[in-house]
Amino acid sequence: LDVLLRPPAWAVRHGTDELGLWAEFDVPGRSSTVTQRCRWIAPGSFPMGSPEGEVGRGDNETQHEVTLTRGYWLADSACTQALWQAVMGDNPSRFNDDPANPVEQVSWDDVQTFIARLNELVPGLAAGLPSEAQWENACRAGTTTPFSFGKNITPEQVNYDGNNPYADGKKGLYRKRTVPVKSLPPNPWGLYEMHGNVYEWCADWYGAYPQGPQIDPSGPPEGVYRVLRGGSWYSNGRYCRAAYRDWNGPGARYNYIGFRLAPGQRPGPAGQEAARRADGQAQAERAGQAAGSDAGGRGSKTHSKKGSKKP
């Protein structure tokens with residue numbers, strides 16, 4: 001109720017609908033204004049990770065109760081190429097035929113630079129990336145099944161490699177690329193493409209889950225890799241599950257990795273340091289990448305197609 005009575009300072013429009021509270025911010029673009037809608041995610045508890053009987057679960061998905069004591073805002077879609085270009089002035093994406101496509105080939109470090117500039121353009125936004133716990137809570141949207149859509153998915157719900165469905169699912173369409181954000185059905189909380197399309201960077205360092213119930217977890221204090229969630233257009237169905245955890249180096253760029261903004265989460269010292277480090281070199285590196293890019297972009301670590309890294 002307090003959120004409804006007092007919308008965030010950054011909101012140019014706000015309201016409620018059948019899916020809950022929403023608020024929007026605008027960023028002037030070259031030819032038009034770019035709007036991002038965000039959804040309010042209420043505080044609460046949820047089972048993070050996967051139960052032992054879930055098909056395809058990994059050994060890093062130990063299920064444990066997580067309590068989020070504070071509500072938070074989360075973009076209802078991955079960051080679009082239009083929004084990235086309005087802020088940064090360039091478009092590093094491979095699939096750049098539609099400005100409504102999610103931006104990809106952006107590293108965690110690149111995203112920190114973007115966030116710092118966006119926060120300067122939108123007073124009070126104080127955006128960051130969601131924590132891994134916030135991301136999974138929002139992805140699940142109150143469900144406990146492998147996907148927010150239920151026990152399985154189809155290509156009509158999720159953009160993934162339909163040649164490799166989850167569990168006993170039927171084979172289906174493999175688009176071999178991203179689709180525009182909001183072109184597939186949202187989850188019960190009004191969030192689009194939380195499964196598939198592009199992997200999404202989270203704020204956390206990657207590490208094993210701590211033992212027992214957790215309150216407002218934010219991941220390890222340090223690490224080598226950053227967390228990626230959600231699967232992508234390139235992923236098998238298994239890797240689009242709500243519980244699936246992936247990771248890559250903060251400098252990795254691939255054409256199936258993007259991100260989703262979380263207003264009100266000012267980046268911490270690590271994010272600010274990454275932004276300073278990346279700001280002076282990101283565009284030059286992207287230019288070099290474009291000159292020699294293959295379909296998978298550039299990254300610091302690779303493994304099989306099954307996860308987020310491409311050979």
Side-chain angles (χ1 to χ4, degrees), residues 16-22 37-78 129-162 165-170 172 181-200 202 204 209 213-217 227-233 235-246 260 262 308:
T16 59
D17 58 19
E18 67 279 6
L19 297 173
L21 301 173
W22 59 267
R37 175 168 287 198
C38 302
R39 290 282 177 180
W40 175 251
I41 311 299
S45 299
F46 75 102
M48 188 171 183
S50 59
E52 292 186 3
E54 184 166 300
V55 176
R57 78 186 299 261
D59 58 10
N60 61 351
E61 299 175 16
T62 303
Q63 194 169 61
H64 57 291
E65 181 175 307
V66 167
T67 298
L68 300 175
T69 62
R70 299 179 298 275
Y72 54 101
W73 290 98
L74 188 64
D76 73 347
S77 72
L129 290 172
S131 71
E132 185 178 16
Q134 289 173 329
W135 191 96
E136 184 170 328
N137 177 54
C139 178
R140 289 190 174 282
T143 67
T144 57
T145 45
F147 308 93
S148 63
F149 299 107
K151 294 181 179 179
N152 216 321
I153 50 173
T154 69
E156 289 68 45
Q157 297 168 316
V158 174
N159 183 22
Y160 67 104
D161 179 359
Y166 176 64
D168 58 354
K170 296 180 180 179
V181 304
K182 303 188 184 183
S183 47
L184 296 170
N187 75 9
W189 290 354
L191 303 170
Y192 293 86
E193 290 96 36
M194 294 291 287
H195 303 288
N197 213 25
V198 288
Y199 273 94
E200 298 180 7
C202 292
D204 307 36
Y209 284 149
Q214 300 294 310
I215 298 175
D216 298 324
V227 171
L228 287 162
R229 285 304 206 106
S232 76
W233 62 267
S235 301
N236 296 356
R238 170 192 171 194
Y239 303 97
C240 297
R241 292 177 301 113
Y244 180 70
R245 310 179 71 206
D246 216 317
R260 184 180 303 253
S308 74

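Note that these values count all heavy atoms, side chains included, but never hydrogens, waters or copies made by symmetry.
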How close do E61 and R241 get, counting heavy atoms only, and between which atoms? OE2-NH2, 2.7 Å
Between W73 and W22, the two heavy atoms sitting closest are CZ3-C, 3.8 Å
So, for K170 and P165, which heavy atoms are closest and what is the spacing to 0.1 Å? O-CB, 3.5 Å
Would you indicate whether the side-chain heavy atoms of S131 and Y72 approach each other to under 4.5 Å? no
Minimal heavy-atom distance between L68 and F46, with the atoms involved, is CD1-CE2, 4.3 Å
Just grab all the salt bridge (charged side-chain N to carboxylate O under 4.0 Å, His left out) pairs involving residues 39-50, residues at least two apart or on different chains. D17-R39
side-chain contact (heavy atoms from CB on, under 4.5 Å) partners for Y192, two or more places apart: D76, K182, P186
Sequence neighbours left out, what passes ring pair (Phe, Tyr, Trp, His ring centres under 6.0 Å) with Y209? Give chain and number order. H64
All heavy atoms of N187 vs all of A138, minimum pair found to be ND2-O, 2.9 Å
Ring pair (Phe, Tyr, Trp, His ring centres under 6.0 Å) filter on Y166, not counting sequence neighbours, yields F147
Could you note down all residue pairs passing salt bridge (charged side-chain N to carboxylate O under 4.0 Å, His left out) where residues 130-156 supplies at least one of them, sequence neighbours left out? E132-R229, E132-R245, E136-R140, E136-R229
What pairs with R260 under side-chain hydrogen bond (donor to acceptor under 3.5 Å, both in side chains), at least two apart in sequence or on another chain? E200
